[in-house]
Protein chains: 2
Amino acid sequence: MAAKRSGARIKRPQRISERLQPVQQPHSEPPLSRERIVATAVELLDAQGLDGLTMRRLADRLGSGVMSLYWHVNNKEDVFDLALDSVLEYRGQPQIVESQDWRGEVGHMLENWRACMLRHPWSASLLPRRALGPNMLSRLELLSKILSRAGVADADLNVAIWSLWNYVMGATITRASFDLSDDDRAAAQQRLARLSERYPTIERSRLLLDNDWDGAFRKGLDLLLDGLAPR
Amino acid sequence: MAAKRSGARIKRPQRISERLQPVQQPHSEPPLSRERIVATAVELLDAQGLDGLTMRRLADRLGSGVMSLYWHVNNKEDVFDLALDSVLEYRGQPQIVESQDWRGEVGHMLENWRACMLRHPWSASLLPRRALGPNMLSRLELLSKILSRAGVADADLNVAIWSLWNYVMGATITRASFDLSDDDRAAAQQRLARLSERYPTIERSRLLLDNDWDGAFRKGLDLLLDGLAPR
DNA sequence: ACCTGAACACCGTTCAAGT
DNA sequence: ACCTGAACACCGTTCAAGT
């Protein structure tokens, strides 16, 4: 352990060898910063999942001591909040053109939102449990604006937004979870086959193996948008 | 500790004193069993939330040593799976009457499913991450049967089921999470007010304070059922 | 068959201290 | 202003052992 630590520390005195052969030194890290911490946390979450994020592992990856993190960040919850929101950025059209295509705009934003979360499968299940960060609020603001401009009455606006939120979140959380465990899914369907006398219908339709998630998502979304469309 | 243990054990020999003065002994626990472990785990989860469930705390509540649990249960994951499924039991009509009211039946099961999860707010966010237990599979089987009998084509069945699943899960997870943190919600809306120049629309509609969750749920569900109904 | 404590390899965070 | 190690109060689980 002492050996490992001193190994990490020689980076300073070794200046000469650095000069002669720019060693690609893995531990010549830039100084700690909130941004670097968040970016690394996202990497770690992508690689190891929700349970894989540990203050100790995070510090390791950053080449710093554990407690150094706490200068830039309040606690682990904070790291989760920041990592989550950082993954939800949206660059839609900056100024909404007065387009007639509100359905297209809503669809685009929601599909993009879903895609962001699927790219970081830990994010979807985290989102409902945490306070909404600025990027998520921006998305809701945009959604709200589009729907309002499309003619949805103020009184119906919140219901519409939450219905869409509910649907997107449910679809994405489910898809992300099922995706994480392909083997489990096969195992589940096999278990089902063994119990086929108890669950004949879903066994026959191979419910647990059906994986046209994108199609199902789009279909359900269309139904909702049909219903929410101002008449 | 030895005292506690022997206290738990005298339950058998003590028949006489039980007769004369049914001591209400707090630690005269019945023997450990899978059922008792699961029931106590649910209690603990209800009281302390997902992070509150600890093998050590669970054992404490059961008046046993931690490692005793591992005789009845493989590991903590197992406890989660069992607690979750135990909370999802459904007693619909045992044999589906050949009713015309498929919408009513579907609605009833889904509302009940949601109610079960809201009664145990930890359960909703847990469900998508875990293998489906027998009670959940029964619900899906029933849903599948009703829809199929109502005339939904086999090819559309899985899409219909997953759309409903997505919606119910999203709505329930969101509601359960927001419910857990009333203060946070108010704080969020206040934070929003401070930033009202950035999020004018959702600030004005008080999106984060709108809490007709049940109404919104029903409305979105109706839209989906409208769309899924066989023509 | 059922239960146990000691021990191991981890956690997040407080604190007092270093530069 | 920024970083640190030691220490504390926890975790889940292995193991070898008890009855």
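Everything numeric here is computed off the predicted structure, so don't read it as measured data. Reckoned from all heavy atoms, side chains included, excluding hydrogens, waters and symmetry mates. In what follows, every chain begins at residue 1, and chains take the letters A, B, ... in the order their sequences are listed.
- Checking dC3(C), dG12(D), dT4(C) against the side-chain heavy atoms of Met55(B) singles out dG12(D) as nearest.
- Taking atom CG of residue Leu62(B) and atom P of nucleotide dC3(C), one finds them 11 Å apart after rounding to whole Å.
- The nearest whole Å value for the distance from the CG atom in Leu69(A) to the P atom in dT4(D) is 9 Å.
- Qualifying side-chain contact (heavy atoms from CB on, under 4.5 Å) partners for Val38(A), counting only residues two or more places apart in sequence or in other chains: Leu82(A), Ser86(A).
- Between Leu58(B) atom CG and dC3(C) atom P the separation is 13 Å, expressed in whole Å.
- Within the structure, salt bridge (charged side-chain N to carboxylate O under 4.0 Å, His left out) contacts touching residues 197-209 of chain A (residues at least two apart or in different chains) are Arg204(A)-Asp154(B).
- For the pair Tyr70(B) OH and dT14(D) P, the interatomic distance rounds to 7 Å; values are reported in whole Å.
- For residues 109-119 of chain A, the pairs satisfying side chain to side chain donor-acceptor pair (under 3.5 Å) are Glu111(A)-Arg218(A), Asn112(A)-Arg139(A), Arg114(A)-Asp214(A), with sequence neighbours left out.
- Using modelled atom types, one finds no donor on one side chain facing an acceptor on the other under 3.5 Å when comparing Trp162(A) with Thr174(B).
- Separating the CG atom of Leu50(A) from the P atom of dG12(C) is a distance of 13 Å, rounded to the nearest angstrom.
- Nucleic acid contact for Thr54(B): sugar-phosphate only, since backbone atoms but no base atoms lie under 4.0 Å from a heavy atom of the residue.
- Contacts of His120(B) classified as side-chain contact (heavy atoms from CB on, under 4.5 Å), with partners at least two apart in sequence or in another chain: Val42(B), Asp46(B), Val87(B), Trp122(B), Ser123(B).
- As judged by a 4.0 angstrom heavy-atom cut-off over every strand, Met67(A) is placed among the base-contacting residues.
- In this structure, Leu53(A) atom CG and dC10(C) atom P are separated by 16 Å, rounded to whole Å.
- Taking Ser144(B) as the reference, Thr201(A), Ile202(A), Leu157(B), Ile161(B) meet the side-chain contact (heavy atoms from CB on, under 4.5 Å) condition, with sequence neighbours excluded.
- Distance, Asp51(B) CG to dG12(C) C1': 12 Å, rounded to whole Å.
- Stems are defined here as 3 or more consecutive Watson-Crick or G-U wobble pairs with pairing distances under 3.5 Å; those involving DNA chain C are C:4-8 with D:12-16, C:12-16 with D:4-8.
- Heavy-atom minimum distance, Tyr167(A) versus Ala216(A): OH-O, 3.2 Å.
- Pairs of residues two or more places apart, or lying in two chains, that qualify as salt bridge (charged side-chain N to carboxylate O under 4.0 Å, His left out) and include a residue from residues 65-79 of chain B are Glu77(B)-Arg130(B).
- Rounded to whole Å, atom C1' of dC8(D) lies 11 Å from atom CZ of Arg56(A).
- Residues from residues 71-83 of chain A lying near DNA chain D, meaning a heavy-atom separation below 4.0 Å, are Trp71(A), His72(A) in numerical order.
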Name the atoms and distances for all side-chain donor-acceptor pairs under 3.5 Å in residues 48-58 of chain B, with sequence neighbours left out.
| residue | atom | partner | partner atom | Å |
| --- | --- | --- | --- | --- |
| Arg57(B) | NE | Gly52(B) | O | 3.0 |
| Arg57(B) | NH2 | Gly52(B) | O | 3.4 |

